[in-house]
Amino acid sequence: MHRNIFYVAKREYLERVRSRVFRITIILVPVGVGVLLVIGRAGNSKMDVLPNLAIVSNNPALAVQVKAALLEGDEASPQASPPTIIVDAPETADSIAQIDREVASHQIAGYLRLETQPGQIQPEATWVSTNSVDFIRKSQMQSAVRRGLMSQALLDHGASADRVHQLMKTVPLQTMQVKNGVVSKSDSERSFTGAYALIVVLYAAVLFYGINIARSVVEEKTSRIFEVLLSTVSSDDLMMGKLIGVGAASLTQMAVWAAILVIGAGSQLAVAYGIHGLSSLGVTTSELVFFAVFFLLGFYLYSALGAALGSTVGSEQDIQQFSLILISPLVVSVILLPYVMANPSSTASVVLSLIPPFTPIILYMRICAQTPPAWQIALGIALLAATVWAMIWLTARIYRIGVLMYGKRATLPEIVRWLRYS
Amino acid sequence: MEVLVELQQVSKSYEEKVAVHDLSLKIEAGSMFGLLGPNGAGKTSTIRMMIGITRPDSGAVTLFGKPFSAAALQRVGYLPEERGLYRKMKVIEQLVFLAELRGLGAAEATRRAKEWCEKLQIADVMNKKTEELSKGMQQKIQFISTLLHDPELIIMDEPFSGLDPVNAVLLQDTLLELKKQGNAVLFSTHRMDQVEKLCDSICLINKGAAVLSGGMREIKSRYERNHLVVQYEGSDGFLGHPAIESYKTYADRVEIRLKPHANAQDLLRTAAATSTITKFELAEPSLEEIFIETVGGRADA
């Protein structure tokens with residue numbers, strides 16, 4: 001009889017893969033993500049780039065130091081082509097008028113005016129530009145002025161120019177991580193890329209396929225095909241086939257996207273944006289394996305929940321209301337992520353990661369943050385798998401008794417009663 | 001004759017409602033069986049227990065001589081009262097899918113589906129999606145899907161409801177042909193007049209319990225021919241004759257129920273004396289009348 005699982009799965013798979021939505025999303029999502037990445041990178045680098053500008057000051061020595069500080073900028077990401085910085089010191093009314101014209105005609109982005117009053121250590125600083133507010137530039141300017149002042153003071157006290165340069169440089173900081181009792185180099189920002197990728201992918205897949213499967217169950221109920229089906233197929237086989245078919249469709253989609261990601265990450269275009277293959281995104285092989293495991297289990301848990309939801313409601317409109325319940329454990333997981341990331345081995349994190357609806361995201365995050373004991377990983381996966389199985393079993397029963405309940409939405413006590421009668 | 005289905009003292013209750021109570025019946029190969037009764041009498045509940053959608057609270061169900069098993073369902077064709085199709089699927093794919101679930105190979109299923117579609121004159125829509133088809137065509141596809149795997153037992157719940165007259169005759173002829181080939185057909189309906197001439201044996205149920213069951217001829221012979229149809233021109237004075245218990249006047253005739261053991265010949269002579277009689281037929285009672293007579297005023301219909 002298990003051949004029927006295959007036939008049901010095949011039907012569900014083909015129906016989805018042949019649908020227009022599938023064909024559109026399989027192309028549009030990678031294109032969209034690519035465009036967002038490129039825009040994001042471009043936007044980011046634009047923010048950091050210092051524009052051409054002028055420094056206007058009555059204190060030529062300070063102006064020169066501030067220019068040096070601005071050009072030095074952040075040593076971590078040196079600019080490919082340094083901006084032109086005009087120093088106008090000491091200024092005259094004519095030279096200011098000339099610079100004002102250059103700002104107005106966008107030849108320079110703006111000018112920094114530094115006026116030192118006798119007896120005052122801090123100059124009066126003004127940034128004049130056509131843009132009203134620019135927070136990043138503001139802090140850049142403030143830091144440069146501060147460093148310029150300090151350099152100037154050090155020089156005044158007789159320090160050598162080279163010594164001053166060494167003193168003002170940013171000190172590099174290395175981050176190390178204790179994993180499995182071994183201290184290793186960590187990259188605190190990168191190691192969560194994989195976790196976040198899983199969360200985004202799982203969230204999207206659940207939202208799309210969980211609701212999709214709920215809808216397909218409701219369609220079978222409202223079109224009354226399910227009584228025909230149940231007269232030949234057991235509801236267990238039917239549910240199992242449904243989940244396998246829909247799962248296969250989503251895996252097909254993932255596989256295509258993964259291929260695009262691997263090819264895309266290694267491509268010339270990616271290199272141009274500073275990505276050199278997958279490893280530069282901070283994804284390790286073991287993380288990829290766990291990703292697959294938790295994605296599949298999480299996907300099946302939420303699909304089974306979606307199917308159960310579809311079996312208990314009478315119409316498509318009802319699904320919309322209940323979809324919030326479906327995704328709420330995911331939302332809670334996301335809210336709790338920062339805590340788990342900071343305290344991966346706290347009691348609360350351990351307990352949470354073993355509660356099946358939270359396991360896919362929380363346990364995976366713990367694995368990425370700091371490898372938990374093997375027994376916790378094993379227990380989490382076992383509990384999750386058992387829950388998936390129990391969910392499918394229960395859903396199959398609810399689906400079957402759905403035959404007896406026409407149209408109306410069942411309440412929980414009603415379902416329990418019907419379960420006894422079927 | 002081989003017994004395909006047997007229910008022995010089967011009962012089933014939902015909540016406070018008793019759906020089926022202590023029901024026993026047998027369906028033999030090569031026969032047409034009518035499961036008859038008003039709406040809500042427990043017909044669908046009975047069928048669902050036959051094919052394992054629900055389990056009886058007590059009693060036994062035997063399918064093809066063995067206790068119920070899912071494998072036996074491949075030999076059953078069931079057309080539920082509430083029937084549907086996948087709207088987005090192509091007709092041919094749908095038929096093949098449903099046949100595969102019932103154990104047919106894809107190639108054989110495709111061949112038979114084409115054969116049936118040609119037979120029922122819908123070969124030109126085989127590659128269309130179900131949602132593009134008229135209701136009459138969808139009904140034909142539902143018949144085909146029920147019969148494609150050549151089931152030995154065909155169960156039809158209210159098969160004629162919503163059927164246009166052309167399809168009704170088509171279905172009737174198809175089923176008669178299948179019966180001739182040795183398949184058994186179970187009709188479940190509240191429209192007793194529609195299956196009266198088709199059924200070899202029946203089970204009349206009311207409020208979940210059998211009120212009458214057995215061979216159609218045998219049941220009918222138990223009832224006196226006290227149903228009289230008269231067409232006449234002239235005086236209706238004969239309607240006062242002492243042999244008449246009650247009568248109903250229709251546009252072109254009068255239907256008369258005679259008193260027990262009444263003398264119909266005497267009534268004919270009286271009527272002929274005052275009117276011109278064009279038709280005088282002493283008919284056996286219809287199933288509907290038998291049902292009403294048996295349950296009295298207790299029917300929920």
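Here is the naming used below: chain letters follow the sequence lines, and residue numbers restart at 1 for every chain.
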[X] versus chain A, the contacting section by heavy-atom distance below 4.5 Å:
X       : answer
L98(B)  : side chain
Q142(B) : neither
E131(B) : neither

key: L229(A) portion near chain B, given a 4.5 angstrom heavy-atom threshold   = side chain

query = If you take all heavy atoms of S311(A) and T395(A), which pair is closest and at what distance?
reply = OG-CG2, 3.9 Å

message = Which heavy atom of F295(A) sits nearest to which heavy atom of A205(A), and what is that distance?
response = CE1-CB, 3.8 Å

inquiry  = Checking side-chain polar atoms at under 3.5 Å, does E220(A) have a donor or acceptor matched by the opposite partner on Y86(B)?
reply    = yes

ask   = Will you find, in the side chains of Q8(B) and S24(B), an N or O donor that is under 3.5 Å from an N or O acceptor?
value = no

